[in-house]
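Quantities reported herein were computed from a predicted structural model and do not represent experimental measurements. Naming convention: chains lettered A, B, ... in sequence-line order (proteins, then strands); numbering from 1 in each chain.
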Amino acid sequence: MTAGLTIDRVVQRFGDAVVLPGIDLEIAAGEFVVLLGPSGCGKTTLLNLIAGFAEPTSGRILIGGRDMAGIGPKDRPTTTVFQDYALFPHMTLADNVAFGLRMRGVGRSARRERAEAMLDLVGLSGRGAARPHELSGGQRQRVALARALAVEPEVLLLDEPLGALDLKLRRAMQDELKSIQAKVGTTFVHVTHDQEEAMAIADRIVVMNEGRIEDQGPPRQVYLNPRTLFTAGFMGEINRIPLADGRSPLGPLVPGSGTLCLRPEAIGTEGPIALGQARVLEAAFFGTHVRAHVAPVAAPELRLVVHLPQKALPAPGEVLTLFARDPVVLP
Amino acid sequence: MRPLAWAYLAAAYAFIFLPVVVLVAFSFQDGRLPVPPLRGVTLDWYAKVLSDRAVVAALWNSLAVAAVSSLVALVLGFLAAHAFARVRLPGSAALRTLIVAPMAVSSLIIGLGLLSVFNGLGIRPSLVTAGIGHVVINLPLCFAILYAAMGDHQRAAERAARDLGASEARVLWLVSAPMLAPALAAAFFLSLTFSWDEFIIAFLLTRFDVTLPVEIWSMLRSGLSPAINAVGALVFLISAGAVVLAELLLLRRRT
């Protein structure tokens, strides 16, 4: 079972604080959407509104075309994977996973069968009799995922589910989340502040800032063609070069006015846009690339961060001729 | 310092336990008076006490009042603690303080208050009214223990249960109560010992059927006797048993 989701002019206020000044968002059935933004941007608030843990001050939330106003979390076709797992410590893994089915009146043997199948899906076959405290963080999060998926929700909500895991495990779980979503076909709405995680798993990234949607689109589009400076900066490191009528401190580069944004990896020793000469201030080997801070000779007060190929580790003071590609000019 | 520290430890424990030890020792007195010297050891007084119908009836009364009133206090305290942990009311802190306030009021005042309330309502003193009095003193205790035991962990699990389709009653029964089992057991057994030992409220609010402390008091009016020591020893034995049981339950949960 899967359903689409409509957020229709949703406003959320807590006292005088306006957390969401008015959100419109359409999510298709079976889509993997990531709400991405810094803490306090309203992404978790929006997720809570979808789950029914809070009611919006105004506006509507529709799931599968059904208005969710006045419907509590217990009766919504959504389930949530929480950041702190929120497993039931006094129950076995199988009982944890089968809890939602028990609440829906599914018989004991059917429940057990389904719980086993769900534990299989998340790679915990045969661990049904274990208790949550016997598991590692990553395994607990898998159980939480199995528990939320066991009731076949129309929309699965994930509230920073990988936030408590270490980096390596987080990357591994991302791949797994993506493949599980493809397998079950449920609509996933995933909240995170980690832009790499967002790009790794999302069909569509919705970038939020101060309660508003800044930008949205497939990862490639949001990263390479951000609509705002905030998005450009939040999606990854960026060099900002002021631009007025096509003129910049480095000379004429591209037409337009505003801020020319260049990703560090889009600057190198070849490319369509000539940046001129730059002096290396410092450079360090980063594994996949060499990261260098440079000051353009034409504008020594400007600082650029560039990613150079692994084999070239320039010495400080060395002068390089730099080129750029993938320019984005933002107001 | 070492010997001095040990001496202090011994003195502290003696201070706490000497009265009990003396009480228990003289319950075995082979003589008419529970005063030194100890003339010999006999179980006669226990036999006498346990064949005394009034004492045995009072013992059962006490157990019944303690069990029922503790259970009621536990359920009410649990529901109140759960509500305060979940819902933020304006003035929550003040309301919480008000709930635990009876702990600071002497049981004489509570007993007198209840006595005049029951009189006004035309309700006669009985084991039931004494039980109600014990709920009044034990509810704040249960509330305080359970409220302190509820944490974010608990709240998160309850939220998850609701999200998975559990009604509020099932959240309480299947998630909150099992997660709080050690605290529930501790609160229950502590209430049980308080009710079991309680004299003033039981004295004011009972009449024909009385609890054991009230029975002991009426025995005392006819003078000291090793029989009273024997009853006291039995009271102590049961209290200590309940406390040990609570500790064991808590420890087993923790490991």
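In this structure a side-chain-to-backbone donor-acceptor pair under 3.5 Å is missing from A/Glu113 to A/Glu116. When atom types are taken as modelled, the side chain of A/Gln141 and the backbone of A/Phe82 share a donor-acceptor pair closer than 3.5 angstrom. The backbone N or O of B/Ser195 lies less than 3.5 Å from no partner atom in the side chain of B/Glu198, so there is not a single donor-acceptor pair.
Comparing A/Gly100, A/Pro153, A/Gly52, A/Ala144 by how many heavy-atom pairs each has under 4.5 Å with chain B, the most go to A/Gly100. Per-residue counts of heavy-atom pairs under 4.5 Å with chain A were compared for B/Val171, B/Asp152, B/Val175; the largest is that of B/Val175.
Both the backbone and the side chain of B/Arg159 come within contact range of chain A, judged by heavy atoms closer than 4.5 Å. For a residue to count as touching a neighbouring chain, one of its non-hydrogen atoms must lie under 4.5 Å from one of that chain's; by this rule A/Arg76 does not touch chain B. A/Tyr85 does not touch chain B: none of its heavy atoms, backbone or side chain, sits under 4.5 Å away. Using a 4.5 Å cut-off between heavy atoms, A/Asp95 makes no contact with chain B at all. For A/Asp84, the part sitting under 4.5 Å from any heavy atom of chain B is the side chain, from C-beta outward, and nothing else. Looking at A/Leu87, the atoms closer than 4.5 Å to chain B (heavy atoms on both sides) all sit in the backbone: N, CA, C or O.
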Given the rule in the salt bridge (charged side-chain N to carboxylate O under 4.0 Å, His left out) test, do A/Arg104 and A/Glu152 qualify, once you have shown the distances and angles that lead to the verdict?
CA-CA 11 Å; A/Arg104 283 160 179 72; A/Glu152 301 188 346; over 6 Å; no
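Centroid-to-centroid, the aromatic rings of B/Phe143 and B/Phe78 stay 6.0 Å apart or farther.
Of residues 177-187 of chain A, no residue lies under 4.5 Å from chain B by any heavy-atom pair.
Geometrically, A/Arg147 engages A/Phe88 in a cation-pi contact defined by less than 6.0 Å to the ring centre and at most 45° from the axis. Annotation: cation-pi pair A/Arg204/A/Phe32 absent, no NZ/CZ under 6.0 Å from the ring centroid and within 45° of its normal.
Between A/Thr2 and A/Glu154, the side chains place no donor N or O within less than 3.5 Å of an acceptor N or O (distance only, hydrogens not considered). Judged by distance alone, the side chains of A/His190 and A/Glu197 do bring a donor and an acceptor atom under 3.5 Å apart.
Taking both residues in full, the closest heavy atoms of A/Ile213 and A/Asp24 are given as CD1-O, 3.5 Å, listed atom of the first, atom of the second, then distance.
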